[in-house]
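Atoms within a ligand are numbered from 1 in the order they appear, just like the ligands themselves.
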Amino acid sequence: MRIEAVELRIIALPLVTPFVAAHGTVTTRTAVIIRCLGPDQEGWGECAALPEPTYSAEYVDGAFLTLQEILVPRLLDTDGNVEATDLTELFADVTGHPMARAAVELALLDAEGRQRSLSLARMLAPRPPGPASAVTAGVALGLMESPEALATEAVTRVAEGYRRLKIKIEPGRDIDHARAVRSAIGPEIELSVDANGAYRLDDARHLAELDDLGLAYIEQPLPADDLLDHAELARRLSTPICLDESLTSASVTREALDMGACSVVCVKAPRYGSWLEAAAVLDHCAGLGIDAWAGGMLDCGLGRAANIALAAHPGASLTGDIAATARFFSEDITQPVVVDPTTASIAVPGRAGLGVDVDLDAVDRLTIRRDTVRR
Ligand code: MG
């Protein structure tokens with residue numbers, strides 16, 4: 001699209017309940033959203049960065065500045081049309097900031113999809129068999145004070161229709177919590193745990209106590225940089241290891257798989273800095289028969305729609321983190337994502353681009369900071 005101006009906003013959505021993980025607590029989900037405006041075209045994107053730099057180095061205010069001062073001026077500095085595939089070259093001199101980059105790419109993909117009457121799901125999975133029309137809903141449960149409270153929450157989510165639960169764990173809130181959930185929901189429901197890097201290789205014997213719980217995987221047990229230690233841990237556990245924070249590019253993902261650091265892949269486009277690269281990782285995993293799934297980041301409506309499109313990719317073989325909007329927010333900037341309780345599934349938007357309607361009144365009401373950068 002030919003971009004005339006780019007609108008950047010920070011919106012603030014209060015969470016229904018605070019979300020607690022080993023990397024920190026989120027009570028209000030602030031997020032950067034981006035809207036690229038052309039003469040007869042527009043495209044929306046959302047930046048996955050959390051309010052504070054806890055999951056990774058990026059955070060909301062930093063991402064806003066990166067977009068405002070670095071990335072968007074490069075977009076506007078081009079003469080003709082800019083397409084999503086141009087961004088690698090356009091941002092070639094910028095190090096890091098994958099989530100901010102992915103937000104720009106998402107806005108361009110949305111615009112291109114609208115122009116070509118293609119859904120984002122179709123753009124990310126262009127080859128046969130193409131994207132699924134619905135994805136299975138999965139929910140991530142934050143850390144809770146007691147195993148009993150977590151088990152009660154888990155039972156509630158299963159009653160809502162969820163067939164895959166992931167629970168956050170950290171030292172002191174792990175084995176007992178996972179065991180309580182497993183015994184409360186029974187053996188049929190897919191269960192996994194996510195440590196967000198809170199353990200060390202020395203904890204291998206302790207983590208092995210998870211092995212009799214029939215977990216689908218343990219996600220990111222060790223810090224992001226510890227690929228070799230993950231490979232060693234994988235040899236000591238029977239529970240499969242899934243990596244999230246460690247997988248910062250397609251090449252790192254290939255290396256992690258090659259060295260046995262993981263046998264399951266969490267694909268997060270914002271972590272890779274690109275929705276197209278995330279789709280390529282899913283292609284790679286499918287080619288190797290490796291299980292993969294699309295992760296989430298407490299996403300608002302735009303990011304959630306994009307994740308659903310990615311989760312519809314045929315390479316996303318396991319259920320991801322995508323839950324109903326109401327699980328997190330009482331208000332959003334798009335129509336809410338709902339889970340069909342009879343099939344435990346979420347419909348994949350089939351309309352062009354992101355396939356959601358942005359509620360401009362809600363955007364205005366929820367905006368706490370804005371700027372429009374013009375050509
Ligand atoms: Mg994770």
Side-chain angles (χ1 to χ4, degrees), residues 15 18-26 29 48-59 98-99 102 137-144 150 157 162 164-171 173-174 177-178 181 190-200 203 207 210 215-227 229-230 233-234 237 239-249 252-253 256-257 261-273 278 281-282 285 290-299 303-304 306-307 310-311 316-323 327-328:
L15 282 170
F19 192 82
V20 188
H23 62 71
T25 301
V26 180
R29 188 8 168 165
L50 293 175
E52 295 187 346
T54 51
Y55 168 86
S56 68
E58 288 179 282
Y59 66 106
M99 293 180 176
V139 69
L141 307 182
L143 287 162
M144 293 206 178
L150 184 62
R157 299 305 156 216
Y162 292 102
R164 176 272 202 185
L165 301 184
K166 181 172 90 177
I167 62 168
K168 297 288 188 177
I169 59 169
E170 67 174 10
R173 289 194 276 188
D174 45 27
H177 286 62
V181 170
E190 186 186 321
L191 178 65
S192 57
V193 296
D194 183 3
N196 290 106
Y199 295 87
R200 301 295 176 270
D203 298 312
L207 291 172
L210 294 167
L215 301 181
Y217 50 83
I218 173 170
E219 181 178 339
Q220 198 67 48
L222 311 179
D225 291 345
D226 295 354
L227 283 188
D229 279 358
H230 274 109
L233 184 64
L237 301 184
T239 304
I241 289 183
C242 171
L243 289 180
D244 173 2
E245 285 91 329
S246 292
L247 306 180
T248 50
S249 69
V252 170
T253 306
L257 288 168
C262 65
S263 53
V264 178
V265 172
C266 165
V267 176
K268 281 183 184 167
R271 198 191 59 219
Y272 287 122
V281 169
L282 287 173
C285 291
I290 300 281
D291 277 330
W293 53 277
M297 290 291 297
L298 289 175
D299 307 285
R304 201 165 292 258
N307 273 334
L310 186 65
S317 55
L318 296 181
T319 300
D321 274 343
I322 302 159
R327 164 86 186 86
F328 299 100

Does any donor atom in the side chain of Gln220 or Asp194 lie under 3.5 Å from an acceptor atom in the other side chain? no
Regarding Lys168 and Asp174, does a basic nitrogen lie under 4.0 Å from an acidic carboxylate oxygen? no
From CA spacing to verdict: side chain to side chain contact (heavy atoms under 4.5 Å, CB included), Arg29, Phe19: CA-CA 10 Å; Arg29 188 8 168 165; Phe19 192 82; over 6 Å; no
Any salt bridge linking Lys166 with Glu219? Criterion: basic side-chain nitrogen under 4.0 Å from a carboxylate oxygen. yes
Would you find a donor on one side and an acceptor on the other, under 3.5 Å apart, between the side chain of Arg173 and the backbone of Leu143? no
In the structure I gave you, are the side-chain heavy atoms of Thr319 and Trp293 within less than 4.5 Å of one another anywhere? no
Within less than 2.8 Å of the Mg ion (ligand 1), how many protein N/O/S atoms are there? 3
